[in-house]
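Here is how names work: the chains are called A, B, and so on, in the same order as the sequence lines, proteins then strands, and each is numbered from 1. Everything numeric in this text was worked out from a predicted model, so none of it was measured.
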There are 2 protein chains.
Amino acid sequence: MPLDDDAMPPQFGDSHWTEVSSRILGLVVSGDLPPGSWIRENDLAGRLGVSRTPIREAFRELVGVGVVEVVPRRGTRVRSYDAEEIEQIYRSRAVIEPYVMSESVGRLTEDDFSSLSELSEQMKSLGSDPTTRHHIASVNNEFHAIFIRSSAAQSLISTTYNLMIPIVVAKLFASYSDNDVSSSMNHHDELIAAARAEDKEWVAAVSKTHIISGLNRFKAMQIEQTPGHDDLQ
Amino acid sequence: MPLDDDAMPPQFGDSHWTEVSSRILGLVVSGDLPPGSWIRENDLAGRLGVSRTPIREAFRELVGVGVVEVVPRRGTRVRSYDAEEIEQIYRSRAVIEPYVMSESVGRLTEDDFSSLSELSEQMKSLGSDPTTRHHIASVNNEFHAIFIRSSAAQSLISTTYNLMIPIVVAKLFASYSDNDVSSSMNHHDELIAAARAEDKEWVAAVSKTHIISGLNRFKAMQIEQTPGHDDLQ
DNA sequence: TAACGATTGATTGTATGCAACTTGTTGTTT
DNA sequence: AAACAACAAGTTGCATACAATCAATCGTTA
């Protein structure tokens, strides 16, 4: 252990952010702060009822998860992603996530497994009801978080979360059809099975499948929705 | 392009940090702020001749590159890495860096190539003189930065830099023998050749070789120096 | 003497005010 | 009319002051 006492720093999987950061993220994911738009520190401070100081600190934290970008002496704006960037993000995830998840093999506890099963069931019920479907994203995150935080590849953990760009994932889940949902659920069940079998290669393969199928779901979404508009959103 | 004008956010490869951040990094790399130690905002503010506000903002930026960790309501301390973590970091780099660098194939300009050659020569001269050898780290960073910032895998760029933990890399280079230096130089020349040949697989292979040889150099260093002490430093 | 609790000092979190810079506009010049 | 320069409004960067919280010490009690 690198630390000389048990105080651990905040991790993203714990959704253990500061109050202000998570509220800003909420505004971005909800589309209230649209991609590409500049965020005036004063405006946000007024809206959130705090001063500019915590706002500025939150911006620095949110840079790390790709939600905003800070341009010195110009300001901060919501990061926007075009279709090509999103494809690259998925391809990058397809490189590292299989590795990260496979490195959790043999390190998941029985508690972890029961949580995984529970979350899997929960997602199935959420997925069958279109009105609650947008909640899947957070449950899905929790599912993956269990694998990721148990990984031996600790140094890639925050990286892995960084690539699960909140706004991208949220939009994607919202567009899932029944078929997409059940396919995604199957991947999750198979991930559990592969982890129980302690087969790194199997875990890596399922993980890769999961991501690439997500990428293709995204591409389909692009075509369906806005053949002209490339940007998200 | 995702941005509606040409103002680009700071990137790490540009060593385009804020004044305060880079000075703090300097204190950490030099060992002046030892790993594991808490950093009092007031102390640093006094030492750097600024107020606590920019210090706190710099801390948030440095979390992203693994230099410090912020524990809410407790403070900020220098991140420390034990041998096992460092090995995991190298193994992670061995997964993603070959991909990132190979994705720069076909995107390097003639200017890039001449910079690469120049930097390679510069490193050779620095490497042959033990008194200037500690400067290699920054030149080496610049070399890799050219590949990395040209990569199509934009979203992994900051990630890649994050794994080149400054303090780890600095210590490693300082310990290089003449043989290690020339071996490293060979890798660089071969990277240039592979990129010129526009052979992704070749670039990826050389990159992987480079990283794993670095890992083993690190392991050797551990044994040589402090058979008892595991932590860096 | 050991364990528990209150108090004090130190440290972080936040608000506010001012200085520096950036940008858009207006007025001048060619 | 177009280009350029000076000005003004707005915005960020930083310093300082105060409030909230944490940790350690000291005193009390079983």
Side-chain angles (χ1 to χ4, degrees), chain A residues 3-11 14-28 33-64 67-79, chain B residues 3-12 14-28 32-64 67-79:
Chain A
L3 309 177
D4 45 24
D5 70 45
D6 58 352
M8 287 300 283
Q11 296 287 345
D14 303 297
S15 54
H16 188 194
W17 311 25
T18 58
E19 174 74 11
V20 175
S21 293
S22 58
R23 288 178 66 192
I24 297 176
L25 174 59
L27 291 174
V28 171
L33 295 171
S37 63
W38 291 98
I39 315 178
R40 297 296 139 216
E41 296 174 356
N42 262 328
D43 295 353
L44 244 191
R47 259 170 102 172
L48 301 189
V50 296
S51 77
R52 284 172 50 220
T53 308
I55 298 283
R56 285 173 58 84
E57 292 176 0
F59 281 165
R60 270 69 184 174
E61 295 172 8
L62 290 171
V63 167
V67 172
V68 303
E69 58 192 354
V70 173
V71 183
R73 304 189 180 282
R74 294 279 309 270
T76 301
R77 63 182 157 188
V78 182
R79 188 94 162 69
Chain B
L3 308 178
D4 44 26
D5 70 45
D6 58 350
M8 287 301 285
Q11 295 288 343
F12 289 119
D14 303 295
S15 55
H16 188 193
W17 312 23
T18 59
E19 174 74 11
V20 175
S21 293
S22 59
R23 288 179 66 191
I24 297 176
L25 174 59
L27 292 174
V28 171
D32 209 332
L33 295 172
S37 64
W38 291 97
I39 314 178
R40 297 296 138 215
E41 296 174 355
N42 262 328
D43 295 352
L44 244 192
R47 262 171 98 171
L48 300 190
V50 295
S51 77
R52 284 173 50 221
T53 308
I55 298 282
R56 285 173 59 83
E57 292 176 1
F59 281 165
R60 270 68 184 174
E61 294 171 9
L62 291 171
V63 167
V67 172
V68 303
E69 58 192 353
V70 173
V71 183
R73 304 184 182 287
R74 293 273 315 265
T76 300
R77 64 183 156 189
V78 182
R79 187 93 165 68

Check [X] against [Y] and note the closest heavy-atom contact, atom names and distance.
X       : Y       : value
A/Arg40 : A/Gly75 : NH1-CA, 4.5 Å
B/Val78 : B/Leu33 : CG2-O, 3.8 Å
B/Ala58 : B/Ser21 : CB-OG, 3.5 Å

- Message: Quick one, B/Asp43 with B/Trp38, criterion side-chain contact (heavy atoms from CB on, under 4.5 Å). Give me CA distance, side-chain angles, the key distance, then yes/no.
- Response: CA-CA 11 Å; B/Asp43 295 352; B/Trp38 291 97; over 6 Å; no
- For B/Phe59 and A/Glu57, run side-chain contact (heavy atoms from CB on, under 4.5 Å): C-alpha distance rounded to whole Å, both residues' side-chain angles, the deciding distance at 0.1 Å, then the answer. CA-CA 9 Å; B/Phe59 281 165; A/Glu57 292 176 0; over 6 Å; no
- Query: What are the 5'-most and 3'-most nucleotides of DNA chain C lying under 4.0 Å from any heavy atom of chain A?
  - Reply: C/dT14 to C/dT23
- Message: Between B/Arg40 and A/Gly49, which residue's closest nucleotide on DNA chain C lies nearer the 5′ terminus?
- Response: B/Arg40
- Task: With a 4.0 Å heavy-atom cut-off, tell me which residues in residues 50-60 of chain B come close to DNA chain D, sorted by residue number.
- Result: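 Close to the strand are B/Val50, B/Ser51, B/Arg52, B/Thr53, B/Pro54.
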Mind calculating the distance between [atom1] ([X]) and [atom2] ([N]) to the nearest angstrom?
X       : N      : atom1 : atom2 : result
A/Ile39 : D/dT12 : CD1   : P     : 10 Å
A/Leu44 : D/dG10 : CG    : C1'   : 17 Å
B/Arg74 : D/dT21 : CZ    : C1'   : 12 Å
A/Arg73 : D/dT11 : CZ    : C1'   : 11 Å
B/Glu41 : D/dT16 : CD    : C1'   : 14 Å

- Applying side-chain contact (heavy atoms from CB on, under 4.5 Å), run through A/Val68 and A/Arg79 and close with a yes or a no. CA-CA 5 Å; A/Val68 303; A/Arg79 188 94 162 69; 5.7 Å; no
- How sharply is the helix from C/dT1-D/dA30 to C/dT30-D/dA1 bent, taking the axes over five pairs at either end and rounding to 10 degrees? 10°
Within a strict 4.5 Å, meaning less than it, do heavy atoms of the [X] and [Y] side chains meet?
X       : Y       : result
B/Arg52 : B/Asn42 : yes
A/Val20 : A/Leu44 : no
A/Ile24 : A/Leu48 : yes

- Item | side-chain contact (heavy atoms from CB on, under 4.5 Å) assessment of A/Val70 paired with A/Leu62 | CA-CA 9 Å; A/Val70 173; A/Leu62 290 171; over 6 Å; no
- Message: Quick test of your reading of the model: are B/Arg47 and B/Asp32 salt-bridged, counting only N-O distances below 4.0 Å?
- Response: yes
